[in-house]
Enquirer: 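My questions will all concern the structure given below.
Letters A, B, ... mirror the listed sequences (proteins, then strands); counts begin at 1. Since we're looking at a predicted model, the values are computed, not measured.
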Amino acid sequence: MFVRSLTAKLKQKTSKTSNLNHVPFLIDILNHSFTNSSLSHVHFPSDISQTNSLIASYVRRGDPVSALTLFHSLRRRAHSDVVADAYTFTSILRASSLLRVSGQFGTQVHAQMLKTGADSGTVAKTALLDMYSKCGSLDEATKVFDEMRHRDVVAWNALLSCFLRCDRPVEAFGVLREMGRENVELSEFTLCSALKSCASLKALELGRQVHGLVVCMGRDLVVLSTALVDFYTSVGCVDDALKVFYSLKGCWKDDMMYNSMVSGCVRSRRYDEAFRVMGFVRPNAIALTSALVGCSENLDLWAGKQIHCVAVRWGFTFDTQLCNALLDMYAKCGRISQALSVFDGICEKDVISWTCMIDAYGRNGQGREAVEVFREMREVGSKVLPNSVTFLSVLSACGHSGLVEEGKNCFKLLREKYGLQPDPEHYACYIDILGRAGNIEEVWSAYHNMVVQGTRPTAGVWVALLNACSLNQDVERGELAAKHLLQLEPNKASNIVLVSNFYAAIDRWDCVEELRSIMRTKGLAKEAGNSWINVPGFNRHAISLSA
DNA sequence: ATAGGGTTAG
């Protein structure tokens with residue numbers, strides 16, 4: 001009805017001077033969403049306060065398209081006495097952030113506000129600040145803040161989260177200090193941002209003080225507790241996080257709270273605790289994904305299978321990220337055919353799905369299959385581009401299986417077809433492949449190429465070069481590689497062992513003995529290798545997921 | 001008008 005005719009008019013007027021015409025994608029959004037829009041049933045309010053509450057309720061309900069449509073029609077009927085005011089614009093700014101419409105639209109709204117004088121109040125300016133902050137325009141946001149005459153705590157908080165959003169925790173601390181100087185009374189929003197700054201700067205003592213302020217607030221707030229859990233786990237204090245988690249009695253723990261606790265436990269390798277927390281939670285895709293990472297790292301196939309079952313039961317198998325974690329879990333536990341069947345079941349494979357599958361084959365010694373998956377990835381219809389991690393997986397797979405030609409081809413593709421700059425890690429894998437194939441001159445020409453490209457060799461590159469020299473009896477250049485390696489990492493036991501193996505390979509046992517005595521005087525010992533096995537009946541977590 | 005959680009490499 002009204003909405004459909006508006007859509008038609010929007011289309012007709014694209015070439016004329018309506019402000020929205022500068023944002024054709026917005027018109028696309030409007031066109032696509034009209035069928036579901038609640039607006040089709042609504043009559044137009046006849047005064048601005050009614051219009052404002054209607055717009056605000058659309059935004060609250062998460063229907064920014066209807067809000068923007070109503071706003072647009074308001075502007076087109078500018079001859080009537082219903083004119084947008086500061087309240088209208090603040091809702092509209094929020095709606096445009098929800099739609100993630102680019103800064104261009106927001107700037108146009110800002111211009112309209114300037115024209116009508118609706119930009120002068122603190123609330124309007126805060127809404128503008130927030131809009132620019134969400135568009136990533138840090139300069140514009142701070143400019144709006146500087147123009148404010150009266151800054152209340154909400155305005156300060158908006159500035160604070162602006163810096164945090166741009167990953168500038170040091171500046172965020174500056175804002176906090178300034179708030180202290182200006183005697184601004186901190187709110188729970190402030191404390192939340194403060195905790196986030198402490199988490200990203202790993203400022204344990206400061207965070208504990210903020211925790212004190214949270215306690216002083218005297219209310220159990222789930223958002224603040226989540227921030228506390230996240231803070232404590234990111235500084236490595238899982239027990240403090242668990243204390244916060246379990247002591248939260250007065251309010252409902254939501255998914256975010258559980259997810260934060262589960263992933264925090266997994267990050268700190270506290271798998272038992274992670275599963276205990278999982279026992280309380282109604283399964284959600286994110287918590288299961290975090291827990292699967294724990295299973296991969298712990299090689300706990302049993303728990304991983306349980307989580308797979310829960311994911312199937314709850315219909316989470318359409319979640320690409322969860323399936324990626326599942327695929328990786330099976331691969332790391334050595335169940336390649338299971339990994340493949342998960343991979344095949346992913347409807348929308350992303351670059352991580354492909355990389356995990358390539359890596360799964362590679363680490364299992366099935367280089368040919370890895371190369372084949374890589375070829376499929378680059379073929380028809382696949383819109384997914386390999387990234388530098390993908391190439392590293394392919395190169396490493398070729399190295400493990402001695403696929404020299406495939407490795408060379410892959411290294412060529414990386415630069416020539418995909419325009420990527422090889423990292424030192426790529427060179428290390430490549431040098432390893434060439435060295436194992438016995439092409440010592442190609443090894444050194446790859447090294448020189450790397451230097452010419454301006455890539456500085458890392459310890460990993462010297463390790464690969466040294467191995468190649470040991471295998472190919474390249475005495476002189478091997479000593480050079482050994483020298484560089486020991487200069488970069490003189491106290492790493494495995495490096496000294498490697499150098500000593502090189503001398504053994506070229507029959508210089510006097511040097512081997514000297515290196516062993518150096519290790520003894522430095523008190524170094526090569527870390528023992530280890531592997532995990534699961535014995536039935538042991539090592540099993542009693543997870544009771546409420547499935 | 002402002003706040004909290006997830007996946008890939010040797």
Enquirer: Please classify the nucleic acid contact of Asn387(A) as base, sugar-phosphate, or nothing, using heavy-atom distances under 4.0 Å.
Expert: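 It contacts nothing in the nucleic acid.
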
Enquirer: Which is true for Val222(A) with a 4.0 Å heavy-atom rule: it touches a base, it touches only sugar-phosphate, or it touches nothing?
Expert: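 Base contact.
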
Enquirer: In terms of side-chain geometry, is the basic nitrogen of Asp359(A) or Arg363(A) positioned less than 4.0 Å from the acidic oxygen of its partner?
Expert: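 Arg363(A) and Asp359(A): salt-bridged.
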
Enquirer: Could you give the start and end, 5' to 3', of the contact zone on DNA chain B for chain A, using atoms under 4.0 Å from its heavy atoms?
Expert: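 The footprint of chain A covers dA1(B) to dG10(B).
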
Enquirer: Tell me, please, which residues at least two apart from His211(A) pass side chain to side chain contact (heavy atoms under 4.5 Å, CB included).
Expert: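 Side chain to side chain contact (heavy atoms under 4.5 Å, CB included) list for His211(A), sorted by chain: Val215(A), Leu228(A), Tyr232(A), Val244(A).
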
Enquirer: Within the structure shown, what part of the strands sits under 4.0 Å from Lys125(A) by heavy-atom distance: base, sugar-phosphate, or nothing?
Expert: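 No contact.
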
Enquirer: Got a sec, which residues hit side chain to side chain contact (heavy atoms under 4.5 Å, CB included) with Val223(A), two or more places apart in sequence or on another chain?
Expert: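 Partners of Val223(A) under the side chain to side chain contact (heavy atoms under 4.5 Å, CB included) test: Cys192(A).
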
Enquirer: Using a heavy-atom cut-off of under 4.0 Å over every strand shown, decide if Lys253(A) touches base, sugar-phosphate, or nothing.
Expert: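 Result for Lys253(A) = nothing.
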
Enquirer: Which part of the nucleic acid, if any, lies within reach of Asp432(A) when heavy atoms closer than 4.0 Å are counted: base, sugar-phosphate only, or nothing?
Expert: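 Here Asp432(A) touches no strand at all.
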
Enquirer: For residues 389-404 of chain A, which residue pairs qualify under salt bridge (Lys or Arg N to Asp or Glu O under 4.0 Å), counting only residues two or more places apart or in two chains?
Expert: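 Output for this query is empty, none listed.
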
Enquirer: Who pairs with Asp423(A) by side chain to side chain contact (heavy atoms under 4.5 Å, CB included), at least two apart in sequence or on another chain?
Expert: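 Asp423(A) satisfies side chain to side chain contact (heavy atoms under 4.5 Å, CB included) with Ser388(A), Glu425(A), His426(A) only.
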
Enquirer: Does Arg151(A) reach a base, just sugar-phosphate, or nothing at all? Heavy atoms under 4.0 Å.
Expert: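 Here Arg151(A) touches no strand at all.
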
Enquirer: Listed by chain and number, what are the side chain to side chain contact (heavy atoms under 4.5 Å, CB included) partners of Cys162(A), not counting sequence neighbours?
Expert: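 Partners of Cys162(A) by the side chain to side chain contact (heavy atoms under 4.5 Å, CB included) criterion, ordered by chain and then number, come out as Leu129(A), Ser133(A), Leu138(A), Ala141(A).
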
Enquirer: Just to be sure I understand the rule, does Asp423(A) reach a base, reach only the sugar-phosphate, or reach nothing, if contact means heavy atoms closer than 4.0 Å?
Expert: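 The residue Asp423(A) makes no contact with any strand.
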
Enquirer: Touch check for Asp230(A), heavy atoms < 4.0 angstrom, all strands: base, sugar-phosphate only, or nothing?
Expert: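 Sugar-phosphate contact only - Asp230(A) comes under 4.0 Å of backbone atoms but never of a base.
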
